[in-house]
Amino acid sequence: MSASDVYSIEVEGCEIKVTNPDKPMWPEAGINKALYLQKLVALAPYLLPYCKDRYMTAIRYPDGAGGKAFYQKNAPEPLPPYVRTAVRDQVRYVVADTLPTLLWMGNLAALEFHPSFEYIGGEEPAEWVLDIDPSESLRGRLMEAVSLIGEALEGMGIASVPKTSGATGVQIVIPVRKGYSFAQLRKAGGFVGKYLSEKYPKLFTIERLIKNRKDLIYVDYVQHAAGKSLSAPYTPRGRPEATVSTPLTWDEVRKGADPRAFTLQTIEARLADKGDLIGQVPKQSLEAILQFLK
């Protein structure tokens, strides 16, 4: 590594070393590391709120998107003094709560950020999430299925926001008030999944075993649990197209939005136009559905 391959930048009073700035991170999209770090600066005001005070699992791609990747749970050493960590189940996680920490992780080729469902030091869910990931044969009906889930939730008096995973699926995010448990949300999710699979038996299933799903769209409410994580809103993904996990409007869903259209090249203009769609939804009360389930 030559001296020209390393330089330092100062961000919020912290010195961040940048190595191999010309290294391709998304070769097909023409994004090198220096450009990626610039994109992270633009994403930070939207991404960091969904990472703050949570245990962070990063997915690192040392050779860029499309190359080998690995999950990073334990904080790598050495750690800069500005990087905060938190321990859960003997794992020392990075807490991605500042721009310097985000850029430090980006320099380590962390292309994806997957925060925990719960906040540090507690067992209470930060939000309620339903994960929808169809089989290849039903990918063309993904947005139709997501729209039906949104309609079902709305009929129960629950406002929600769909977001692309940045990969092949969509997650339904429901901001919730404090005080609910994962057990309560799983019970509610099971009810929603059963309702959908009974009303639309040719489209939905809550069958966990892949071999028994018969090419139906699985409504995953089980993985929403303490100790697990999911791609954050506004995280890039290690896909060749440089896709970003992006919240959508319900109108975009009904019009059949293509998840591949939301990328690091397009996200800044979208955020300037629409802002954070999840942050615009009030935290929901689930008392009605929980009382019904009693």
Side-chain angles (χ1 to χ4, degrees), residues 9-14 16 18 21 24-54 56 58 65 96-107 110-115 126-127 129 142-143 146-147 150 159-167 169-175 230-284:
I9 55 176
E10 185 174 317
V11 178
E12 298 179 358
C14 302
I16 302 160
V18 178
M25 290 288 95
W26 284 271
E28 293 183 26
I31 298 174
N32 62 16
K33 185 186 287 185
L35 181 55
Y36 172 44
L37 297 182
Q38 293 177 34
K39 296 294 185 181
L40 281 181
V41 171
L43 285 172
Y46 303 92
L47 172 60
L48 288 177
Y50 298 99
C51 302
K52 186 179 181 181
D53 294 328
R54 305 202 203 189
M56 176 58 67
D97 55 357
T98 67
L99 177 56
T101 298
L102 195 65
L103 293 175
W104 170 75
M105 296 175 75
N107 182 62
L111 303 189
E112 302 189 16
F113 302 93
H114 295 238
E127 66 275 298
V129 179
L142 172 61
M143 290 301 169
V146 171
S147 180
S160 61
V161 182
K163 80 172 181 74
T164 66
S165 68
V170 168
Q171 285 104 32
I172 313 291
V173 180
I174 302 100
L230 190 73
S231 57
Y234 311 109
T235 179
R237 299 301 299 266
R239 298 276 167 152
E241 307 93 341
T243 47
V244 174
S245 179
T246 304
L248 306 174
T249 67
W250 284 110
D251 189 50
E252 287 175 318
V253 168
R254 287 188 287 270
K255 290 179 178 178
D258 183 352
R260 295 170 297 182
F262 306 97
T263 70
L264 280 172
Q265 291 98 329
T266 64
I267 191 66
E268 290 179 69
R270 179 179 178 82
L271 290 172
D273 178 44
K274 298 188 180 299
D276 176 18
L277 293 174
I278 297 175
Q280 295 167 26
V281 173
K283 294 185 182 298
Q284 301 293 293

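Because the structure is predicted, anything quoted here is derived from the model rather than measured.
- For S165 (side chain) and V170 (main-chain N/O), no donor-acceptor pair under 3.5 Å exists by modelled atom type.
- Side-chain contact between P236 and Y36: present, with at least one pair of heavy atoms (C-beta onward) separated by less than 4.5 Å.
- The stretch residues 25-34 participates, sequence neighbours left out, in no salt bridge (charged side-chain N to carboxylate O under 4.0 Å, His left out) pair at all.
- Using a 4.5 Å cut-off on side-chain heavy atoms (C-beta onward), Q171 and P233 make no contact.
- The minimum heavy-atom distance linking S231 with H114 is given by the pair N-ND1, 3.3 Å.
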Donor-acceptor contacts under 3.5 Å from residues 96-103 side chains, at least two apart:
| residue | atom | partner | partner atom | Å |
| --- | --- | --- | --- | --- |
| D97 | OD2 | R84 | NE | 3.0 |
| D97 | OD2 | R84 | NH2 | 3.1 |
| T98 | OG1 | T101 | N | 3.2 |
| T98 | OG1 | T101 | OG1 | 3.0 |

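- With hydrogens and angles ignored, the 3.5 Å screen pairs a side-chain donor or acceptor of T266 with a backbone N or O of A261.
- Remark: side-chain polar atoms of T235 are paired, donor with acceptor, to backbone N or O of F113 under 3.5 angstrom.
- Taking CD1 of I278 as the reference point, atom NZ of K163 lies at 7.0 Å (rounded to 0.5 Å).
- Judged purely by atom type and a 3.5 angstrom limit, Q284 has no side-chain atom pairing as donor or acceptor with the backbone of S160.
- Across every non-hydrogen atom of G238 and W26, the tightest pair is CA-NE1, 4.1 Å.
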Run E112 and S245 through side-chain contact (heavy atoms from CB on, under 4.5 Å) and show every step you take. CA-CA 10 Å; E112 302 189 16; S245 179; over 6 Å; no
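- Of all heavy-atom pairs spanning P21 and N32, the tightest one is O-CG, 3.5 Å.
- There is no side-chain donor-acceptor pair under 3.5 Å between E241 and T243.
- The CG atom of L142 sits 11.0 Å away from the OG atom of S147 when rounded to the nearest 0.5 Å.
- Under the 3.5 Å distance criterion, the side-chain polar atoms of T164 are matched with a main-chain donor or acceptor of T246.
- Pairs passing the ring pair (Phe, Tyr, Trp, His ring centres under 6.0 Å) check and including a residue from residues 236-284, sequence neighbours excluded, do not occur.
- The minimum heavy-atom distance between A257 and M143, with the atom names listed, is O-CE, 3.3 Å.
- The backbone N or O of A242 lies less than 3.5 Å from no partner atom in the side chain of Q265, so there is not a single donor-acceptor pair.
- Counting only residues at least two apart or in different chains, side-chain hydrogen bond (donor to acceptor under 3.5 Å, both in side chains) contacts with residues 269-279 comprise Y50-D276, Y234-D276, E252-R270.
- In terms of the salt bridge (charged side-chain N to carboxylate O under 4.0 Å, His left out) criterion, residue partners of E127 (sequence neighbours excluded) are, by chain and number, R54.
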For a quick test of your reading: what N or O donor-acceptor pairs under 3.5 Å do the side chains of residues 37-48 make, sequence neighbours left out?
| residue | atom | partner | partner atom | Å |
| --- | --- | --- | --- | --- |
| K39 | NZ | L264 | O | 3.3 |
| K39 | NZ | E268 | OE2 | 2.9 |

